[in-house]
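Taking it in order: structure first as C-alpha cells, then the write-up.
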Amino acid sequence: MPLHVYNTLTRRKEEFKPLHEGRVGMYVCGPTVYGHSHIGHGKSYVSFDIIARYLRYLGYKVLYVQNITDVGHLLDDGEDRMIKQSKIDKVHPMQIAETITRSYFEDMDALGVVRPDISPRASGHIIEQIELVKELLAKGYAYEVNGSVYFDVKKFSDYGRLSGRSFDEMITGTRVETRSEKRNPQDFALWKKADPEHLMRWPSPWGEGFPGWHIECSAMSMKYLGEEFDIHGGGIDNQFPHHECEIAQSVCATGRAFARYWIHNNLVTVNGQKMSKSLGNFVTLKDAFKKFDPLVVRFFILQSHYRSTLDFSDEALQGAKMGLERLMNTIRNLRFQMTQADVKGYTTKAAIDLMRYKSEFLAAMDDDFNSPQAIAILFELSREVNALLNQDGSYSAGSLREIEALYRELGGQILGIITDSPRAVLESNGKLEADLIQLLINLRLLARSEKNWSLADRIRDELKKLGIVLEDKKDGTTWKRA
RNA sequence: GGCGCCGUACCCAAGUGGUAAGGGAGAGGUCUGCAAAACCUUUAUGCGGCGGUUCGAAUCCGCCCGGCGCCUCCA
C-alpha cells in the first residue's frame, strides 16, 4: 500500500504524490522563541520528525524547512511576545531569541529530532516579507492605512476553506478591534507600523514597522521551497487563523496553489485540558527530562497517533518508560547473544518471519504515519525474539544480526527510539568503565562457582547502588544502567 | 452562539463494517542459589447511553449525556 496522509484541506486520507518525482518539500511552523519548549512542542516536532524520517526512508529527497519566529508574534494587547519577554528579563529581544533558539535545539536534539535542513529566522527575512507585501498591494489584495498594511480578506473567496468556516461565521466570532482602521474585522496585518517605543523595527515603503505574524511563513516557505510545494505542517491550533492567512497571502501573491498537503498534529493535554504557555499548565521539556529520559518522552509521544490528543501524566510517562525498557532489554539481550553465538559458532537459522514484521510495520506507517501501531508490531516481534533467545542456540549469529539490523532499521532509522549501534551499549561510558564492570562480573562469577552467595550478592548490590544492574543469563551475566 | 473533534479495561492507547492491537499496572505459573530479565496463562461477551440501518457495528445514521479544541496569542 502506498503512503497515505490525512490532508486537512480535504479532510481525507489521500495517497501521497509529491510535486516532483522523488523529492519532497516540507515546511513546518517552528517555535516562537520567547520561552523554553514544553511537552506540546515536543509532540509537534517529534511528529514531524517521524514524517520527515519516514519520507526519507521511502527514498524521497526531503527538504525540510522550519522557521524560527523571532518577531511579529503579538499578544492580545498588541505587544510583541519577544519584546514582552525582553522587558521581563531586561535584555534585548534578540538576546531572548538567541538564548531560546539554542534551548530549543538542545531539547530537540535530546529528543532525537533530526534538525531541519533550513531553520530560517523571521527577522532575517524582512526584505522577502516586504517584497511579498508589495506584491499583494500591487495586485490589489491589500491596502495601506497609517503605515500599516492589511490583507483584504473579501478579495480571496477561498478564505476559510482550510478551517472550514465561512466569511459570515468569522464575523460573528471576531472580537471588536481596538484599532478600527481595518476595512473588515477579518482582515489581518501584513505589516504593522511601529510605535515609537517599539524595539524591533525595520524601514519599509510604509515607514518604520515590523512584519505581521503570518507573512513570515509565506515568505520563507516560498523562498526555499518554491511557490508551490508538498507539505505544510503545524499545530492544529494554528489551523486558524495562521494557516488560513498563509494560504490567502501566498495564493493571492503568486496565483499558485501553495502547499498541497496540510498536516496538523494534535495537542498535548493535562487532565484533559490543553497544555499551553498561556494557560500556564505546561511542563517544559527540560523539567520533564529531569524525571524521564528524553527517549522515554519521545517514545511516549510516539505511542499515540499524531492526530490524537495525548494526555500527559507522570503515570502515563512511567508506563512508557517501562515499555521502552522492555524493548531495550530485548535489544540488549539480542546484542549480547550475538557475541555469544559468534564464540559458540551456532549455525541454525532463527525461525522468525522478519519480512512479515517489516511489512506490517511499514503498512502501519503508510497509513498516515501510525506510529503506535508500528510500535505494537515491534513489541510483537520482541516477544518472539525473547522466546528465541531463551532457547539455547537455536539460531546462528548471522540470523541474530539480521534481527538486530531490522530493529535498527525500523526502531532506529524510522522511529528514532533505538539509538545504539550493536556494541555501543556496552561501551556507552567509555571502554575503561565497561572493562571494570566486566572485571567485577568475572570476580562475581568466581564467587558464584564457589557458592559464595553473600559475596556474589554484595557485588551485585554495590553495583546497583552505583546505578549498574546485573542480570544473570544462561550464557553469562549482562549489565545495564538503572 | 458558530465550526470541529473526542469518549475503547485500573492507567496510556491502536482499531472507521466482519466479530476488541500493543504497552503499563494486577493475578497465577515456568526458569533462577536468590534477584532481575524473559516466557506462558489471565484481566472489556464488550468499545459513554438509547434507538436505527445491516446477515453482521467500537466502526455508518439519529438523539441524548460527558469532555475538549478553534472562533483571540499558543505546537
Side-chain angles (χ1 to χ4, degrees), chain A residues 11 13 28-32 34-35 37-48 73-79 81 160 163-166 168-175 213 233-242 264-269 271-279 282 299-300 303-305 307-313 315-327 329-330 332-333 360 364 367 370-380 382-391 448 451-453 456-457 460-461 464 469-474 477-478 480:
Chain A
R11 271 149 244 279
K13 280 184 198 171
V28 172
C29 285
T32 299
Y34 67 99
S37 301
H38 53 65
I39 304 272
H41 293 100
K43 173 169 161 71
S44 185
Y45 300 117
V46 166
S47 297
F48 288 108
H73 196 165
L74 306 184
L75 291 156
D76 277 350
D77 53 15
E79 187 166 26
R81 305 186 94 92
S163 53
R165 37 192 109 211
S166 70
D168 292 335
E169 280 166 10
M170 287 181 278
I171 260 187
T172 48
T174 308
R175 74 197 156 99
W213 174 39
I236 198 168
D237 49 348
N238 272 336
Q239 189 176 319
F240 187 89
H242 185 53
H264 289 98
N265 72 281
N266 219 313
L267 308 166
V268 173
T269 57
N271 298 322
Q273 268 215 321
K274 175 181 174 176
M275 177 189 289
S276 73
K277 287 180 178 174
S278 42
L279 286 179
F282 63 91
F299 179 74
F300 172 67
Q303 265 194 308
S304 83
H305 189 89
R307 281 195 289 114
S308 303
T309 54
L310 174 62
D311 202 55
F312 175 88
S313 68
E315 194 187 358
L317 253 299
Q318 187 59 32
K321 179 187 172 178
M322 290 296 125
L324 182 60
E325 191 75 19
R326 178 180 163 80
L327 225 40
N329 267 326
T330 301
R332 190 180 299 112
N333 291 335
E360 283 181 6
D367 183 15
N370 194 333
S371 58
Q373 188 66 50
I375 287 172
I377 309 284
L378 243 34
F379 276 110
E380 280 166 19
S382 288
R383 195 185 313 122
E384 205 175 336
V385 171
N386 286 331
L388 178 81
L389 294 176
N390 277 345
Q391 299 162 23
R448 290 178 71 208
K451 298 206 189 305
N452 188 348
W453 306 129
D457 289 350
R460 186 172 58 197
D461 292 344
K464 190 171 184 182
V469 178
L470 301 189
E471 292 176 2
D472 295 331
K473 305 283 169 55
K474 280 197 184 70
T477 300
T478 62
K480 65 178 179 183

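Letters A, B, ... are given to chains in the order of the sequence lines, protein chains preceding strands, and every chain is numbered from 1. Being a predicted model, the structure only gives us computed values, none of them experimental.
Taking every side-chain heavy atom of A:Q373 into account, B:rA14 is the closest of B:rA14, B:rC39, B:rA36. With B:rC39, B:rG22, B:rA37 as the choices, the nucleotide that has an atom nearest any side-chain atom of A:N333 turns out to be B:rA37. When each of B:rA36, B:rC70, B:rG33 is scored by its nearest atom to the side-chain atoms of A:K473, the top-ranked nucleotide is B:rA36.
Side-chain nitrogen and oxygen atoms of A:S308 include at least one within less than 4.0 Å of the OP1 or OP2 phosphate oxygen of B:rA14. Checking the phosphate oxygens (OP1, OP2) of B:rG15, a side-chain nitrogen or oxygen of A:N370 falls inside 4.0 Å.
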Below 3.5 Å is the cut-off: list the nitrogen or oxygen pairs between protein and nucleotides 23-25 of chain B, distance only.
none

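Judged by distance alone with a 3.5 Å cut-off, a donor-acceptor contact links the side chain of A:D457 to the base of B:rG33. For B:rC34, the base has a donor-acceptor partner in the side chain of A:D472 [N/O atoms by modelled type, under 3.5 angstrom].
A:N333 meets the side-chain contact (heavy atoms from CB on, under 4.5 Å) test with A:L389, A:E471, A:K473, A:T478; sequence neighbours excluded. Residues that satisfy the side-chain contact (heavy atoms from CB on, under 4.5 Å) test with A:N452, not counting sequence neighbours, are A:A447, A:S454, A:L455.
The aromatic rings of A:F379 and A:F299 sit perpendicular, their planes meeting at an angle over 60°, well past the 30° parallel limit.
For B:rA58, there is no paired nucleotide, since no Watson-Crick or G-U wobble pair has both relevant distances below 3.5 Å. Remark: B:rC34 base-pairs with no nucleotide; criterion is Watson-Crick or G-U wobble with both hydrogen-bond distances under 3.5 Å.
Toward the 5′ end of RNA chain B lies the nearest nucleotide of A:V469, the other residue of the pair A:S382 and A:V469 mapping further downstream.
Across all strands, A:S276 comes closer than 4.0 Å to base atoms (heavy-atom distances). Here A:L327 lies out of heavy-atom contact (under 4.0 Å) with every strand.
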